[in-house]
Amino acid sequence: MEERSDDGQQNDYMRKLEEMEEGMRLEALKQKGGVQDEKKLNKKLKKAEQVVETIELNMLQKDIDRLYLQIYTYLVHTMDEWEEAMDARPEEEKQSGPGKRAAVLQKQTADYIKPLLRQLKKRTLEPDILARVAEITHYMQQRRYRDAQDSYLQLSIGNAPWPIGVTMVGIHERSAREKIFASQVAHVLNDETSRKWIQSVKRLMTFAQSKYPPYTLSQIS
């Protein structure tokens, strides 16, 4: 089963690579002809209208609809920042092997996260899952990436038993093992779509940490 998943992701990767290379060729032709990219212009205008609020965990009790909007806006904003960072790279870096792989990872992540964004928009996440996603994004905003990693592990492992060999490295502050075993988080990784969006959240955490480093070394994930 895992092999099929790996094959599927490899196929996704190759498809994205082909799409990206075709896009780069079109982009080069547009720049030669002095044509502006309408899609990118519209995206910039839309981003200018976004208001990214501080994600407060007490909104789970006080105003859950607003919390959904806060998380949605923050994730979209972070995805846009990542895309802009890719576009801003020197041309030789974009054309290099590692540069292309980085761009494919970003575009793949933008696809993988769509089901989560749809659920946030429709306000249909399970309460326990919403709580974990709220924690992750809250800690990302605070540059507390180690804490975000802890919440990510609770989300990805949920109440499944620890596999042999898994250690407690990276899980701090909370009464670790007991709390994770007691957690009522659903098995969000039990289907391919969920596996992909939770993986995309982890990738966003990695990007955010590179763009906005933590204030203290103890919060490096």
Side-chain angles (χ1 to χ4, degrees), residues 5 8-9 11-13 15-16 19 38-84 86 104-142 144-145 147-160 180 183-208 211:
S5 172
Q9 290 205 14
N11 291 338
D12 283 349
Y13 176 86
R15 200 160 42 242
K16 276 287 159 210
E19 287 172 11
E38 290 290 328
K39 198 175 176 184
K40 284 189 178 177
L41 284 173
N42 289 336
K43 205 164 191 179
K44 278 184 181 177
L45 289 170
K46 201 172 177 184
K47 190 184 174 189
E49 294 169 4
Q50 285 177 358
V51 179
V52 180
E53 297 183 0
T54 301
I55 295 164
E56 298 293 349
L57 298 181
N58 61 9
M59 286 292 180
L60 279 162
Q61 285 78 39
K62 287 171 61 179
D63 191 344
I64 200 165
D65 286 345
R66 188 167 180 178
L67 179 64
Y68 268 114
L69 181 61
Q70 287 175 340
I71 297 170
Y72 175 86
T73 306
Y74 173 68
L75 289 175
V76 169
H77 175 78
T78 308
M79 281 301 315
D80 287 346
E81 285 191 315
W82 192 1
E83 185 177 356
E84 286 170 8
M86 291 291 101
V104 168
L105 190 73
Q106 184 272 321
K107 290 184 182 300
Q108 194 181 60
T109 302
D111 278 349
Y112 284 2
I113 205 167
K114 283 176 182 175
L116 172 61
L117 296 178
R118 277 196 294 272
Q119 285 187 281
L120 288 167
K121 224 171 180 180
K122 292 177 181 176
R123 298 169 171 80
T124 55
L125 279 177
E126 291 291 325
D128 290 329
I129 296 172
L130 174 63
R132 297 292 82 77
V133 174
E135 284 178 1
I136 292 166
T137 49
H138 168 79
Y139 292 134
M140 283 169 67
Q141 283 187 333
Q142 304 294 320
R144 292 165 58 184
Y145 301 108
D147 293 335
Q149 172 84 350
D150 290 355
S151 294
Y152 162 78
L153 287 171
Q154 288 194 55
L155 177 63
S156 60
I157 295 168
N159 54 9
I180 289 175
S183 173
Q184 295 304 303
V185 174
H187 291 237
V188 296
L189 295 185
N190 280 358
D191 67 88
E192 191 63 19
T193 301
S194 297
R195 264 194 292 272
K196 285 179 175 178
W197 75 244
I198 190 65
Q199 183 183 47
S200 72
V201 170
K202 182 68 172 72
R203 289 174 180 175
L204 277 183
M205 285 166 55
T206 302
F207 165 73
K211 185 172 174 65

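Since we're looking at a predicted model, the values are computed, not measured. Residue indices begin at 1 and follow the sequence shown.
- When all heavy atoms of Ile55 and His138 are compared, the pair lying nearest together is O-ND1, 2.6 Å.
- Separating the CH2 atom in Trp197 from the CG atom in Leu75 is a distance of 9.5 Å, to the nearest 0.5 Å.
- Using a 4.5 Å cut-off on side-chain heavy atoms (C-beta onward), Met79 and Leu117 make no contact.
- To the nearest 0.5 Å, atom OG1 of residue Thr78 and atom CZ of residue Arg203 are 15.5 Å apart.
- Separating the CD atom in Gln199 from the NZ atom in Lys196 is a distance of 9.0 Å, to the nearest 0.5 Å.
- In terms of heavy-atom proximity, Gln119 sits nearest to Tyr68 at O-CE2, 4.1 Å.
- Taking 4.5 Å as the limit, some side-chain heavy atom of Ile64 sits within range of a side-chain heavy atom of Leu130.
- Note that the CH2 atom of Trp82 and the NZ atom of Lys107 stand 11.0 Å from one another [nearest 0.5 Å].
- Atom-to-atom distance recorded for Arg132:CZ and Leu125:CG is 12.5 Å, nearest 0.5 angstrom.
- Counting only heavy atoms from C-beta outward, the side chains of Arg123 and Asp65 approach each other to under 4.5 Å.
- Under the 4.0 Å criterion applied to side-chain N and carboxylate O atoms, Glu56 and Lys62 are not assigned as salt-bridge partners.
- Considering only heavy atoms from C-beta on, Leu116 comes within 4.5 Å of Leu120 through its side chain.
- Rounding to the nearest 0.5 Å gives a distance of 8.0 Å between CG of Leu67 and CG of Leu57.
- Between Ser156 and Ile198, the shortest heavy-atom contact is CB-CG1, 4.5 Å.
- When side chains are defined from C-beta on, Phe207 does not count as touching Gln106, because their heavy atoms never get closer than 4.5 Å.
- Partner Ile71 forms a side-chain contact (heavy atoms from CB on, under 4.5 Å) with one of Val133, Ile136, Val76 and no other, that one being Val133.
- Nearest heavy atoms, Ala208 versus Met140: CB-CE, 3.9 Å.
- In this structure, Thr73 contributes its side chain and Gln70 its backbone to no donor-acceptor pair below 3.5 Å.
- Between Leu204 and Ile113, the closest side-chain pair of non-hydrogen atoms falls below 4.5 Å.
- Closest of all the heavy-atom pairs between Tyr139 and Ser151 is CE1-OG, 3.7 Å.
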